[in-house]
2 protein chains.
Amino acid sequence: MLLQSIPIKVNLTHLKESCTSCSLHELCLPFGMRLDDVELLDKITANRKCRRGERLYHSGEPFQSLYVIKSGFFKVFDLDEEGKEKIVGFYMPGEILGMEAINKNRFHYNAVAMEDAAVCETPFGALEKLSHTIPALSHQFHKLMSREIMQEHEHILLLGTMRAPQRVAAFLLNLSRRFAARGYSPTHFYLRMTREEIGNYLGLTLETISRLFAKFHEDGLISVHSRDIEIRDLAGLQKLLEHPA
Amino acid sequence: MLLQSIPIKVNLTHLKESCTSCSLHELCLPFGMRLDDVELLDKITANRKCRRGERLYHSGEPFQSLYVIKSGFFKVFDLDEEGKEKIVGFYMPGEILGMEAINKNRFHYNAVAMEDAAVCETPFGALEKLSHTIPALSHQFHKLMSREIMQEHEHILLLGTMRAPQRVAAFLLNLSRRFAARGYSPTHFYLRMTREEIGNYLGLTLETISRLFAKFHEDGLISVHSRDIEIRDLAGLQKLLEHPA
DNA sequence: CGATCGGTTGAAGACCTTCAAAAGCAGTGG
DNA sequence: CCACTGCTTTTGAAGGTCTTCAACCGATCG
């Protein structure tokens, strides 16, 4: 019953807009740039759509462009010898895909859209060239790469030091914070990923995720109906992180 | 007995050398730059020494400079509310410290020298300015940030998907590869960190590390004498990663 | 309408942690 | 030089957390 109440805000009418009018402006590359410079950035970016399940790039593929997500969710994963997925991250609008590929000029992971999505494709060579003449662009790009490093450090800490309930709580709080930063409700959202994918990402099994969602529900921390999540006690979830109950 | 046979190569005579003659050239920022440009980079970097146990930077401290390690090992860690260390990484010569601080202009972690060390201190503002006129510098810097992101993705996969024996094997192989890239023996090295620090980093306890070192020793994969490690069967260790025995 | 996929729930057991004791080693000061 | 102290490491035994295995349910889809 709750599914209908949470529109998945893929605003396709905005897809042809320029960076200058993009709602993700503040999170993205143009942040801090002069308007005429933003137009230069606009010129080198192309729009691309991705259907649910479609691959944006493959592991091993030569690296040409970075992708900034305009709408939709992506998962980034590795495939082991046996073809099993190992998820390294979930990405949402305003976040950049492909930064780990700069080093070897080749993608090392796979990025797949978890729902119909739109991205800005920005050729990396052109971006670097442009950034030499626009200090604000260069600086913002460095900040975004730095943010990625920070976020991964946090996930390393999660995996390295937290027990299962803390991991799940941290995961929900992380989603909450990122939704909030994008103007969505921090307490009521729809999960784009399966229990298995969450478990994979958190170093747990799908059964553990299911059990902990049920327990959090019982404890009044959240309300779960399949993939619809409502956080009922944000402070309680946060407390869980500090005091490994 | 083996300790003496492994000189810890902290070549202090090189400390005052310029980037142009630095042995880490290939791993570091100047890679791919013209000689006269390297001299410009040289001008903005300062040398700094760190005694064993000394803090290079604190969490919360304003971010001014990146640090490139010339000699010595560093650990980077967070402190939780109770003051317990949570290690996010070990860094060795040629690697850059502080990149996660660019985003918020403030350090988020602590970096401590695990043995007497020397670093190049490079003011980030000056580095950005310089990189606008030296495309090779800009590009190499992007590659190094990208490498950091890649390495963290790998560690996330390690923590998220591997059992204890695989984690320890992967840790040893990772050190081996990084030592090799710096001209040291890939099969015989001295651990700068305690069992507790290794466990902390790998999401395990010090006892588990100790037990697995003993088991690997019994199985003929390695030879351990306190912190002196000799890898006796590199292929065997690698096989362990693929087939979670 | 059977098949498939995602999710829930229970029971058994593996893996790793926790607790504990003791030995090794390094540095310090008498 | 040796004893003392503190830190690191080893090793054993017990216990907990999470996984594995398995059965079942509901929704979706050709």
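The sequence lines fix the lettering, A, B, ..., with proteins before strands; numbering per chain opens at 1. As the structure is a prediction and not an experimental result, all values here were calculated from the model.
Using cut-offs of 30° and 60° on the angle between ring planes, the pair A:H155 and A:Y201 is parallel. Between B:Y109 and A:H153, the angle of the ring planes goes over 60°, which puts this pair in the perpendicular group of the 30/60° scheme. A perpendicular orientation is assigned to the rings of A:F179 and A:Y184, their planes being inclined by more than 60° (bins at 30° and 60°).
C:dA26 atom P lies 13 Å from atom CG of B:D228, rounded to whole Å. In this entry the distance linking CZ of B:F213 with C1' of D:dT9 reads 11 Å, nearest Å. The distance from atom CZ of A:R195 to atom P of D:dT20 is 19 Å, rounded to the nearest whole Å. Atom-to-atom, CG of B:L191 to P of D:dT8 comes out at 14 Å; the value is rounded to the nearest Å. Rounded to whole angstrom, the span from the NZ atom of B:K215 across to the P atom of D:dT11 amounts to 14 Å. Rounded to an integer number of Å, the gap from CE of B:M193 to P of D:dT8 is 14 Å. Nucleotide D:dC7 holds its P atom 16 Å from the CE atom of B:M114, rounded to whole Å. Rounding to whole angstrom units, NE2 of residue A:H225 and C1' of C:dT8 are separated by 14 Å.
The side chain to side chain donor-acceptor pair (under 3.5 Å) with B:N110 is formed by just one residue from the set B:R55, B:H58, B:E61, B:E85; it is B:R55.
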Between the protein and nucleotides 24-30 of chain D, list the N/O to N/O atom pairs that are separated by less than 3.5 angstrom.
none

Exercise. Are B:R178 and B:E95 close enough, and set up right, to give a salt bridge (Lys or Arg N to Asp or Glu O under 4.0 Å), and what steps lead you there?
Worked result: CA-CA 10 Å; B:R178 284 154 78 197; B:E95 296 175 329; 3.0 Å; yes
For this session: Quick one: do B:D78 and B:K86 satisfy salt bridge (Lys or Arg N to Asp or Glu O under 4.0 Å)? Show the steps, please.
Result: CA-CA 5 Å; B:D78 189 25; B:K86 303 185 169 190; over 6 Å; no
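Listed by chain and residue number, nothing satisfies the ring pair (Phe, Tyr, Trp, His ring centres under 6.0 Å) test with A:Y91 (two or more places apart in sequence, or in another chain).
The phosphate of D:dT17 has neither OP1 nor OP2 within less than 4.0 Å of any side-chain N or O from A:R163. The side chain of B:R227 places no N or O atom within less than 4.0 Å of a non-bridging phosphate oxygen (OP1 or OP2) of D:dT8.
Of all nucleotides listed (C:dC16, D:dT9, C:dG7), C:dC16 comes nearest to the side chain of B:A164. Which of C:dT9, C:dG6, D:dT17 sits closest to the side chain of A:A214 comes down to C:dT9.
Within the cation-pi definition used here (under 6.0 Å to the ring centroid, within 45° of the axis), A:R106 does not qualify as a partner of A:F63.
For residues 199-212 of chain B, proximity to DNA chain C is found at B:G203, B:L204, B:T205, B:E207, B:T208, B:R211, defined as any non-hydrogen atom under 4.0 angstrom from a strand atom.
Using a 4.0 Å cut-off between a side-chain N of Lys or Arg and a carboxylate O of Asp or Glu, B:E115 and B:R192 qualify as a salt bridge.
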